[in-house]
Amino acid sequence: MVNHPAVGAMRVALLLGLLMAAWVLWSGQFLPLLLTLGAFSCLLTVYLTRRMGYFDNEVFALRFGVRLFSYWAWLSREVLRSSLEVARVVLDPRLPISPQTIEIKATASHPVDQAILGNSITLTPGTLALDVHRGKIQVHCLTQAGAADLMSGEMDRRVAALRQD
Amino acid sequence: MYYVVTIATLATMALALARALLGPSVYDRVLAANMFGTKTVLLLSVIAFLYGRPDFLDLALAYALINFIGVLAILEFIRRRADTDSVDNGSGY
Amino acid sequence: MALLLDIASWALLSIGGAFVFIGGVGALRMPDFYTRIHAASLTDTMGAVLVIFGIMLQAGLSLATVKLAAILLFLLLTSPTASNALASAALLAGLRPSGEVATDEEQST
């Protein structure tokens with residue numbers, strides 16, 4: 001991973017700013033004591049985060065912002081569609097489920113991308129990521145239709161496209 | 001109009017509680033507890049507006065945090081326990 | 001305008017409430033553990049999103065909306081993580097999902 005010191009310092013500053021904004025937003029008070037406590041806890045959090053090695057790895061950076069938003073829009077449509085499907089299945093008196101476990105390929109190799117793919121699969125009702133290893137994701141599906149949807153590999157392609165420049 | 005959501009959420013919490021009591025495996029119970037927790041977050045958010053007390057939103061957020069950490073902690077506890085007892089805990093207690 | 005907002009928010013809230021309730025019913029009706037997770041995730045995604053959007057419309061542009069957005073974002077980030085942890089813990093403990101195993105080997109993408 002490319003890790004320029006200046007980039008690291010910028011990310012520390014970014015996190016610190018974000019935490020302080022959150023503190024002020026939530027407390028909504030500007031007494032010196034509370035502000036000092038806030039500054040102290042923000043600094044402590046940043047220190048602990050640094051110790052945990054968070055800044056050593058390149059994570060999913062904000063430069064993918066626009067693409068991430070269009071991915072979210074697509075994911076919302078998928079979630080809506082499969083929610084209606086699962087709701088229909090639950091309300092059907094015959095309970096027409098066909099639970100099955102499938103294995104799909106994760107084209108994206110970066111751990112963060114694989115986490116995004118796995119979480120997207122789980123977030124969509126009717127599909128549940130069980131395990132990831134060696135570029136394969138094991139998925140439990142509630143219905144045949146959900147499994148077929150995932151097998152088409154569109155989600156995998158879209159996640160892989162997030163990082164391409 | 002908030003009453004509809006409040007009642008639906010409370011009913012779901014009762015259903016989750018029923019699942020937690022029925023089990024049968026310990027994972028079903030953890031799932032039900034997690035569901036109960038997220039429904040509590042929704043309920044708190046709705047109640048904040050039902051009674052016009054926005055400070056309930058802070059409670060909702062705190063509850064969301066505690067619920068998530070709690071579920072992970074319970075899972076870790078079960079795993080350790082299963083390791084030390086070296087029994088297959090599929091069928092709960 | 002206010003009436004329109006009220007109607008939209010009422011619709012979101014009641015549909016969200018319906019999804020929450022359906023998910024609860026599903027968690028009770030489904031036959032085994034892994035299928036129950038699917039029902040529970042229905043309440044976590046659609047239910048939570050619709051209900052919180054419904055309340056947001058009532059709150060308008062205020063600090064409450066920002067807090068609600070934070071709650072929603074947090075729920076959407078953590079609920080799949082919790083489900084994953086739950087499912088993989090159950091899998092490790094030897095709770096087998098029912099149904100056959102298939103792969104996508106046959107199709108090359």
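Reminder, nothing fancy here: chain letters follow the sequence lines and each chain counts from 1.
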Which members of residues 53-61 of chain C, sorted by number, sit under 4.5 angstrom from chain B on a heavy-atom basis?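 Interface residues of residues 53-61 of chain C: I55(C), Q58(C), A59(C).
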Would you say L13(C) and V51(C) make side-chain contact, with heavy atoms under 4.5 Å?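 A side-chain contact exists here, since the closest heavy-atom pair is under 4.5 Å.
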Check whether any side-chain heavy atom of L72(C) lies under 4.5 Å from a side-chain heavy atom of L68(C), and answer yes or no.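 No. Closest side-chain heavy atoms not under 4.5 Å.
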One pair to check against side chain to side chain contact (heavy atoms under 4.5 Å, CB included): T65(C) and S62(C). What are the steps and the verdict? CA-CA 5 Å; T65(C) 307; S62(C) 65; 3.8 Å; yes
Of the listed residues (V71(B), V4(B), L75(B)), which shares the most heavy-atom pairs with chain C below a 4.5 Å separation?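 The residue among V71(B), V4(B), L75(B) with the greatest pair count is L75(B).
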Top contributor to chain C contacts, counting heavy-atom pairs under 4.5 Å, from R19(B), M13(B), M35(B):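 The residue among R19(B), M13(B), M35(B) with the greatest pair count is R19(B).
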Heavy-atom distance under 4.5 Å to chain B: side chain of F74(C), backbone, both or neither?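 Side chain only.
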Go through the atoms of L86(C) and report whether side chain, backbone, both or neither lie under 4.5 Å from a heavy atom of chain B.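 For L86(C), heavy atoms of backbone and side chain both lie under 4.5 Å from chain B.
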Smallest separation among heavy atoms of R29(B) and A20(B), with atom names: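 The pair with the smallest heavy-atom distance is NH1-O, 3.0 Å.
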Which atom names give the shortest non-hydrogen contact between L17(B) and F36(B), and what distance separates them?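 For L17(B) versus F36(B), the nearest heavy atoms are CD1-CE1, 4.0 Å.
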Heavy-atom cut-off 4.5 Å, strictly under: side chain, backbone, both or neither for D28(B) against chain C?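 Looking at D28(B), backbone and side chain both touch chain C.
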Donor-acceptor pairs are to be reported for all side-chain atoms of residues 43-55 of chain B against protein atoms at under 3.5 Å, with residues two or more places apart or in another chain.
unit_1, atom_1, unit_2, atom_2, d
S45(B), OG, V41(B), O, 2.8

Enumerate by number any residue of residues 57-68 of chain B whose heavy atoms lie under 4.5 Å from heavy atoms of chain C; in the absence of such residues, state 'none'.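 Heavy-atom contacts from residues 57-68 of chain B to chain C are L57(B), D58(B), A60(B), L61(B), A64(B), L65(B), F68(B).
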For residues 16-30 of chain C, run the donor-acceptor check on the side chains, cut-off 3.5 Å, and write out each pair with its distance to 0.1 Å, sequence neighbours left out.
unit_1, atom_1, unit_2, atom_2, d
R29(C), NH1, V90(A), O, 2.6
R29(C), NH1, D92(A), O, 3.1
R29(C), NH2, D92(A), O, 3.3
R29(C), NH2, P93(A), O, 3.0

Within this structure, what is the [atom1]-[atom2] distance for the pair [X] and [Y], rounded to the nearest 0.5 Å?
{"X": "L75(C)", "Y": "T45(C)", "atom1": "CG", "atom2": "OG1", "value": "11.0 Å"}
{"X": "L15(B)", "Y": "L10(B)", "atom1": "CG", "atom2": "CG", "value": "11.0 Å"}
{"X": "L42(B)", "Y": "D44(C)", "atom1": "CG", "atom2": "CG", "value": "8.5 Å"}
{"X": "L92(C)", "Y": "I78(B)", "atom1": "CG", "atom2": "CD1", "value": "12.5 Å"}

Just checking, is any N or O donor in the side chain of T35(C) or D32(C) under 3.5 Å from an acceptor N or O on the other one?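 Judged by distance alone, the side chains do pair up.
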